[in-house]
A.B. asks: 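Pasting a structure here, questions to come.
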There are 2 protein chains.
Amino acid sequence: MLTIGNLAKRTGTKVQTIRYYEQIGLMPEPGRTDGGQRRYREAELDRLSFVRHARQLGFSLEAIRELLDLSDHPGKSCAEADAIARRQLRQVEQRLARLEALRSELTRMVHECSGGQTADCRVLEVLRDHAECLTDHDEIGA
Amino acid sequence: MLTIGNLAKRTGTKVQTIRYYEQIGLMPEPGRTDGGQRRYREAELDRLSFVRHARQLGFSLEAIRELLDLSDHPGKSCAEADAIARRQLRQVEQRLARLEALRSELTRMVHECSGGQTADCRVLEVLRDHAECLTDHDEIGA
DNA sequence: GCTTGAACCTCAAGCGGCCGCAGGGTGTAC
DNA sequence: GTACACCCTGCGGCCGCTTGAGGTTCAAGC
């Protein structure tokens, strides 16, 4: 029987985050001591590990909810889980492309800065110069 | 004299976002018509373009506030702006590294999925298998 | 058995960076 | 003069947590 603090340590999660997951129904309500403190078992450790791992892979909580649901129903087709992963992969690739563009622009800015006064700072100049804008008006991939 | 809607169009910003920037003091309070509608000039268009461009490069609003302040004082040393940009570059590089790791793991997951039932789905298996966790417990770079 | 102090509890609000809606007023073209 | 697109304020919502206040419980040491 794990306390919430131990569960937190073993999964690299904050205590509050675990309670948050319970609140939004991602983690089940655990057993309690007479005094009302939560106590967890291995099954819950596994579930939380699943969630954390998926979060690290960039899945949204909604996607994780779907994945957990699939995982809870082993008879279902794998296609859905696969689709979620593929969707996620596409997103990651888009973000990567975006970030690479950012890196090159930032690198250029930083390297061209001569270190004088702000009046001729290349960093500020690039930001000011509308013509050098990234071409589209997308949101940032961050 | 631009209406807020035109300013929005010319900078690829939502009207509400411009009002939000004004509210948090990133954009100055503009002039108003007798009826109370905002009217903008070129200077404000430039400032907003600067902000949007910096946002596209992933700078936080706080960083942008500093950059704007530097830009408003052309006599100051450029070093600070340079430092902000370098910080941003480091962050971008960290995210890139993180995302690249995610991509390879997701790619592996997707390639290994055999298309059967969820019981033998690699996607879910990888997420379940604690031993395959990314080594650290960092937050995701997203 | 008693005391300490770390860990737990609930509830609520806050963060960044906006977006969207309701319910109304304005500006301009015909 | 009227239609209708646009503007206004204010507030609540989004995600994925985090922080804080104010109080209770548990386990170890004496």
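Within every chain, numbering begins at 1; the chains are lettered A, B, ... in the order of the sequence lines, protein sequences first and strands thereafter.
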A.B. asks: With B:Y21 as reference, evaluate B:Q16, B:R47, B:R52 under the side-chain hydrogen bond (donor to acceptor under 3.5 Å, both in side chains) test and give the passing residue.
C.D. replies: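 Going through the options one by one, the only one that passes is B:R52.
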
A.B. asks: Look at A:T17 and D:dT18 and indicate whether a side-chain polar atom (N or O) is within less than 4.0 Å of OP1 or OP2.
C.D. replies: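 Affirmative; the distance criterion is met.
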
A.B. asks: Check the surroundings of atom CD in B:E80: do more than 12 heavy atoms from other residues, nucleotides or ligands lie under 6.0 Å from it?
C.D. replies: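 Atom CD in B:E80 is not crowded, with 12 or fewer foreign heavy atoms closer than 6.0 Å.
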
A.B. asks: Do B:R10 and B:L2 touch side chain to side chain, with heavy atoms closer than 4.5 Å?
C.D. replies: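 Touching, per the 4.5 Å side-chain cut-off.
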
A.B. asks: Expressed as a whole number of angstroms, how long is the span from B:I18:CD1 to C:dC18:C1'?
C.D. replies: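 From B:I18 CD1 to C:dC18 C1': 13 Å.
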
A.B. asks: When we call it a touch if two heavy atoms are under 4.0 Å apart, what does A:I4 touch: a base, just sugar-phosphate, or nothing?
C.D. replies: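 Sugar-phosphate: the residue A:I4, judged by heavy atoms under 4.0 Å, touches backbone atoms but no base.
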
A.B. asks: Can you measure A:L7 atom CG to C:dA7 atom P for me and round it to whole angstrom units?
C.D. replies: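 Interatomic distance, CG of A:L7 to P of C:dA7: 15 Å.
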
A.B. asks: Taking for each residue the nucleotide of DNA chain C with the nearest heavy atom, is it B:S60 or A:R39 whose nucleotide lies nearer the 5' end?
C.D. replies: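 Result: A:R39.
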
A.B. asks: Please compare B:R32 and A:T33 by the position of their nearest nucleotide in DNA chain D and report the one closer to 5'.
C.D. replies: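 So the residue in question is B:R32.
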
A.B. asks: Give the rounded distance in Å between these two atoms: OH of B:Y20 and C1' of C:dC15.
C.D. replies: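 After rounding, the reported distance stands at 9 Å.
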
A.B. asks: Could you check how far CG of B:L26 sits from C1' of C:dC18, rounded to whole Å?
C.D. replies: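 From B:L26 CG to C:dC18 C1': 13 Å.
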
A.B. asks: Check whether any side-chain nitrogen or oxygen of B:R55 sits under 4.0 Å from OP1 or OP2 of C:dC18, and answer yes or no.
C.D. replies: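 Answer yes for this pair, as a side-chain N or O of B:R55 is under 4.0 Å from OP1 or OP2.
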
A.B. asks: Would one find a side-chain N or O of B:K14 under 4.0 angstrom from OP1 or OP2 of C:dG20?
C.D. replies: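 True: B:K14 side-chain N/O within range (under 4.0 Å) of C:dG20 OP1/OP2.
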
A.B. asks: From CG of B:N6 over to P of D:dA5, roughly how many Å is that when rounded to an integer?
C.D. replies: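 Result: 16 Å.
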
A.B. asks: Is the shortest side-chain N/O distance from A:Y21 to OP1 or OP2 of D:dC17 below 4.0 Å?
C.D. replies: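 True: A:Y21 side-chain N/O within range (under 4.0 Å) of D:dC17 OP1/OP2.
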
A.B. asks: Separation of B:M27 atom CE from C:dC18 atom P, in whole Å?
C.D. replies: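 Taking CE of B:M27 and P of C:dC18, I get 13 Å after rounding.
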
A.B. asks: For the CD atom of A:E66 and the CG atom of A:L68, what is their distance to the nearest 0.5 Å?
C.D. replies: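 Interatomic distance, A:E66 CD to A:L68 CG, rounded to 0.5 Å: 10.5 Å.
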
A.B. asks: From the options D:dT9, C:dG20, C:dG27, select the nucleotide whose nearest atom is closest to the side chain of B:Q16.
C.D. replies: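 My answer, after comparing the listed nucleotides, is C:dG20.
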
A.B. asks: CG of B:D34 versus P of D:dC8: gap in Å, rounded?
C.D. replies: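 One finds 14 Å between P of D:dC8 and CG of B:D34, rounded.
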
A.B. asks: Among C:dG17, D:dT25, C:dT26, which nucleotide has an atom closest to any side-chain atom of B:L61?
C.D. replies: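 Shortest atom-to-atom distance from the side chain points to C:dG17.
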
A.B. asks: Nearest to the side chain of B:T3, which nucleotide is it out of C:dT10, C:dC19, D:dC7?
C.D. replies: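 It is D:dC7.
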
A.B. asks: Rounded to the nearest 0.5 Å, what's the gap from CG on A:L48 to OG1 on A:T13? Could you check?
C.D. replies: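 The OG1 atom of A:T13 is 4.0 Å from CG of A:L48, to the nearest 0.5 Å.
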
A.B. asks: Taking the side chain of B:R38 as heavy atoms from C-beta outward, which of D:dC6, D:dT9, C:dC21 is closest to it?
C.D. replies: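 Selected nucleotide (nearest to the side chain): D:dT9.
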
A.B. asks: Between B:Q37 (CD) and D:dA5 (P), how many Å, whole number?
C.D. replies: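 Those two atoms, CD and P, are 15 Å apart.
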
